[in-house]
Amino acid sequence: MEISSVIPPGRRMIDGYPPGGFRVAGTLYQGPMLIWPEGEAPWSLDRIEDLDVAALDPVRRIDPPVEVLLIGCGPRMTLLPSVLRRQIREAGIGMDAMDTGAACRTYNVLISEGRRAAAALIPV
């Protein structure tokens with residue numbers, strides 16, 4: 001699927017999410033990704049069922065910090081266990097889990113509004 005929006009200068013936007021990967025700022029990446037306004041990096045999580053607070057440590061190191069983390073769970077939204085949601089909040093990360101397509105689109109909207117958002121994405 002192709003997505004586009006107004007791109008603020010210096011911001012990393014998600015151009016699309018083809019099967020198995022993501023296109024960010026014109027570059028195609030395979031596998032899970034972390035994306036934030038100034039950059040992107042591979043993410044070590046292959047399955048949303050393996051998500052724990054430690055897997056989000058790279059997000060906590062983003063400087064300046066992000067306001068919200070969108071978690072793209074893959075083709076379908078997965079309800080994260082309440083214990084994990086609490087641990088993420090206690091780690092100072094505001095987050096929302098959704099299917100990966102919705103996470104990509106929401107990330108672009110937030111970035112186009114000038115918000116400090118990040119996305120942790122499992123490919124579709």
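FYI, side chains are in, hydrogens and waters are out, and symmetry mates aren't considered; it's all heavy atoms of this structure.
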From Y17 atom OH to F22 atom CZ, the distance as rounded to the nearest 0.5 Å: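 The distance works out to 10.0 Å.
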**Request:** Hey, could you give me the CE/SG distance between M13 and C104, rounded to the nearest 0.5 Å?
**Result:**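 Here the rounded value is 11.0 Å.
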Can you pull the salt bridge (charged side-chain N to carboxylate O under 4.0 Å, His left out) pairs that have at least one residue in [range], sequence neighbours excluded?
{"range": "residues 78-89", "value": "R86-E90"}
{"range": "residues 27-41", "value": "R11-E38, R12-E40, E38-R116"}
{"range": "residues 63-82", "value": "E67-R115"}
{"range": "residues 44-54", "value": "R47-E49, R47-D50"}

Give me each pair satisfying side chain to side chain donor-acceptor pair (under 3.5 Å) with a member in residues 93-103, each pair once, sequence neighbours excluded.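 Applying side chain to side chain donor-acceptor pair (under 3.5 Å) to every pair that reaches into residues 93-103, excluding sequence neighbours, yields nothing.
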* Asked: Other than V66, which residues form its hydrophobic cluster under the rule that side-chain heavy atoms must be closer than 4.5 Å?
  ->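 Members besides V66, by chain and number: L34, W36, W43, L45, I48, L51, V53, L56, V59, I62, L69, I71, L80, L84, I88, I93, M95, I122.
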**Request:** Could you work out the complete set of other residues in the hydrophobic cluster of L28, with links drawn between I, L, V, M, F, W and Y side chains under 4.5 Å apart?
**Result:**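 Listed partners: none, L28 stands alone.
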Contact check, side chains of P32 and P123, non-hydrogen atoms, under 4.5 Å: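 In short, these two side chains touch, coming nearer than 4.5 Å.
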_Minimum side-chain heavy-atom gap Y107-P37 below 4.5 Å_ =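 Side chain of Y107 against side chain of P37, heavy atoms only: contact under 4.5 Å found.
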Excluding sequence neighbours, so at least two apart, what forms side-chain contact (heavy atoms from CB on, under 4.5 Å) with A103?
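For A103, the residues satisfying side-chain contact (heavy atoms from CB on, under 4.5 Å) (neighbours in sequence not counted) are L70, M98, L121.
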Apply side chain to side chain contact (heavy atoms under 4.5 Å, CB included) to residues V109 and E113 and explain how you reach the verdict.
CA-CA 6 Å; V109 168; E113 292 174 348; 3.7 Å; yes
